[in-house]
Amino acid sequence: DIIGNNYKSFQRGATLWGTARYTNKRYSLYLGANGRYTSMWRRGLFRKGLFPDNSYGNSEKLNYLTWGVKAGGDYRITGRHMFTFNTYFATNPPLFRNSFLSPRTRNSVTEDLQEETIFSGDISYILRTPVVKGRVTAYYTKFMNQTDVTSFYYDEENTLVNFATTNIDKENYGLELGAEVTIATGLTVNATASLGQFLWVNNPDITITQDNSTAVLKTSDIWIKYFRQSGIPQTALALGLEYNSSKFWWAGVTGSYYDNIYLDFNPVTRAKNDQGYYPNWKQQTKVDPNFLIDIFIGKSWEINDLYI
């Protein structure tokens with residue numbers, strides 16, 4: 001039996017896109033564009049007693065016309081030296097899970113819901129020689145007007161709440177490097193490095209709504225400008241040695257180092273109180289760096305033209 005809550009989520013859309021490319025002996029260019037229509041809505045299959053007029057049937061339909069443009073190319077100095085570049089500018093509709101405050105219980109749409117805007121670009125230098133192969137890339141990406149909705153138990157009010165964060169801006173930028181050096185027949189050294197900054201770059205707005213009513217418990221901003229995005233190392237280094245034998249076996253060892261890893265933070269403790277202060281504000285927690293060693297060895301056999 002279905003008890004308490006039941007609903008379906010709907011999302012329909014269509015995309016029109018096109019690309020063009022020009023190539024000659026020295027360089028190549030490309031251009032691409034797309035237009036997208038998206039419509040999404042919730043259909044409640046259960047009339048909830050707490051929301052008798054806002055839980056059953058179709059919600060408001062959220063319609064978006066979004067677009068994207070990308071362009072780039074490469075320039076070949078010689079057969080061994082090349083530059084590449086890519087740019088991207090686009091808008092995206094918000095995700096369904098962030099478009100409704102509590103799709104589990106009702107049809108209410110998130111306040112101040114906006115299309116996300118993305119700007120991104122990168123440029124690379126590529127080296128290809130018989131002994132050394134390498135690549136250096138510099139990149140920058142900015143995300144604007146993102147929305148995020150979560151639900152959790154709010155100790156201060158002793159109730160389950162819907163926590164909507166809107167007007168989120170983030171920036172990712174940094175350098176990526178990779179190289180492979182052949183030091184003898186079958187023996188290579190590999191090195192990679194990723195040095196980045198992945199930041200929240202504004203103080204987004206929050207709305208805290210009680211889950212079992214329509215009461216708004218708090219509206220504020222949260223003081224997190226220049227906090228680090230959590231969940232990924234912002235510095236990663238690796239160095240490896242690999243041998244491939246002509247007798248169909250191989251072995252290698254790789255050491256990896258990860259640093260600048262930050263835990264996710266509780267946005268409630270970064271919000272203002274009724275007097276306009278941040279009494280519970282604290283710095284973001286940084287995780288200790290980690291080191292990892294990978295050792296691998298393998299062998300293949302040829303049996304009647306079959307490799308295993």
Side-chain angles (χ1 to χ4, degrees), residues 13-38 64-93 115-146 169-199 201 229 232-244 246 250 252 254 256 307:
T15 302
L16 179 67
W17 57 271
T19 60
R21 177 177 290 273
Y22 172 78
T23 302
N24 65 22
K25 293 182 179 180
R26 182 67 71 177
Y27 65 89
S28 67
L29 300 170
Y30 74 87
L31 176 66
N34 73 80
R36 179 182 177 189
Y37 168 75
T38 304
Y64 299 95
L65 285 173
T66 53
W67 53 271
V69 177
K70 60 181 180 180
D74 61 68
Y75 180 75
R76 297 174 289 279
I77 303 172
T78 67
R80 296 182 177 183
H81 304 272
M82 181 171 67
F83 286 95
T84 67
F85 73 95
N86 301 279
T87 59
Y88 180 65
F89 189 35
T91 60
N92 287 325
E115 297 173 358
E116 175 189 29
T117 301
I118 303 173
F119 172 75
S120 183
D122 67 75
I123 185 169
S124 299
Y125 166 69
I126 300 171
L127 172 66
R128 296 171 180 162
T129 71
V131 175
V132 180
K133 297 179 178 64
R135 184 185 188 108
V136 180
T137 299
Y139 63 89
Y140 173 86
T141 301
K142 185 167 186 177
F143 304 91
M144 294 166 279
N145 301 323
Q146 290 184 324
D169 292 350
K170 296 178 181 178
E171 284 184 353
N172 297 355
Y173 56 88
L175 290 172
E176 294 179 346
L177 305 93
E180 178 184 290
V181 181
T182 301
I183 56 179
T185 301
L187 186 62
T188 58
V189 174
N190 300 289
T192 58
S194 176
L195 310 172
Q197 296 277 340
F198 311 142
L199 306 171
V201 292
Q229 297 172 41
I232 52 175
Q234 305 199 16
T235 298
L237 308 173
L239 182 64
L241 181 67
E242 183 175 348
Y243 178 74
N244 286 280
S246 59
W250 60 93
T254 300
S256 304
Y307 288 93

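For the pair V69/W67, a side-chain contact is recorded, criterion being any heavy-atom separation below 4.5 Å from C-beta on. When side chains are defined from C-beta on, Y64 does not count as touching N92, because their heavy atoms never get closer than 4.5 Å. Proximity of L16 to Y37: side-chain heavy atoms (C-beta onward) are nowhere separated by under 4.5 Å. Looking only at side-chain heavy atoms (C-beta outward), T141 and F143 come within less than 4.5 Å of each other. Contact check for F89 versus T117: side-chain heavy atoms found under the 4.5 Å cut-off.
No side-chain N or O of T23 forms a donor-acceptor pair with one of S28 less than 3.5 Å apart.
With sequence neighbours excluded, no residue satisfies side-chain hydrogen bond (donor to acceptor under 3.5 Å, both in side chains) with T66. Residues passing the side-chain hydrogen bond (donor to acceptor under 3.5 Å, both in side chains) test with Y27, sequence neighbours excluded: none. Residues forming a salt bridge (Lys or Arg N to Asp or Glu O under 4.0 Å) with R128 (at least two apart in sequence, or on another chain): none. Partners of D169 under the salt bridge (Lys or Arg N to Asp or Glu O under 4.0 Å) rule, at least two apart in sequence or in another chain, do not exist in this structure.
Screening residues 75-84 for side chain to side chain donor-acceptor pair (under 3.5 Å) gives D74-R76, H81-Y125 as the qualifying pairs, with residues at least two apart or on separate chains.
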Name each donor-acceptor pair under 3.5 Å that joins a side chain in residues 232-244 to protein atoms two or more places apart or in another chain, with its distance.
from : atom 1 : to   : atom 2 : distance (Å)
Q234 : OE1    : F198 : N      : 2.9
Q234 : OE1    : R228 : NH1    : 3.4
Q234 : NE2    : F198 : O      : 3.2
Q234 : NE2    : Q229 : O      : 3.4
T235 : OG1    : N260 : ND2    : 2.8
E242 : OE2    : N244 : ND2    : 3.4

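Enclosure of atom NZ in K133 by more than 12 non-hydrogen atoms of other residues, nucleotides or ligands within 6.0 angstrom is indicated.
Of all the heavy atoms in T38 and P93, the pair that sits closest is OG1-CG, 3.8 Å.
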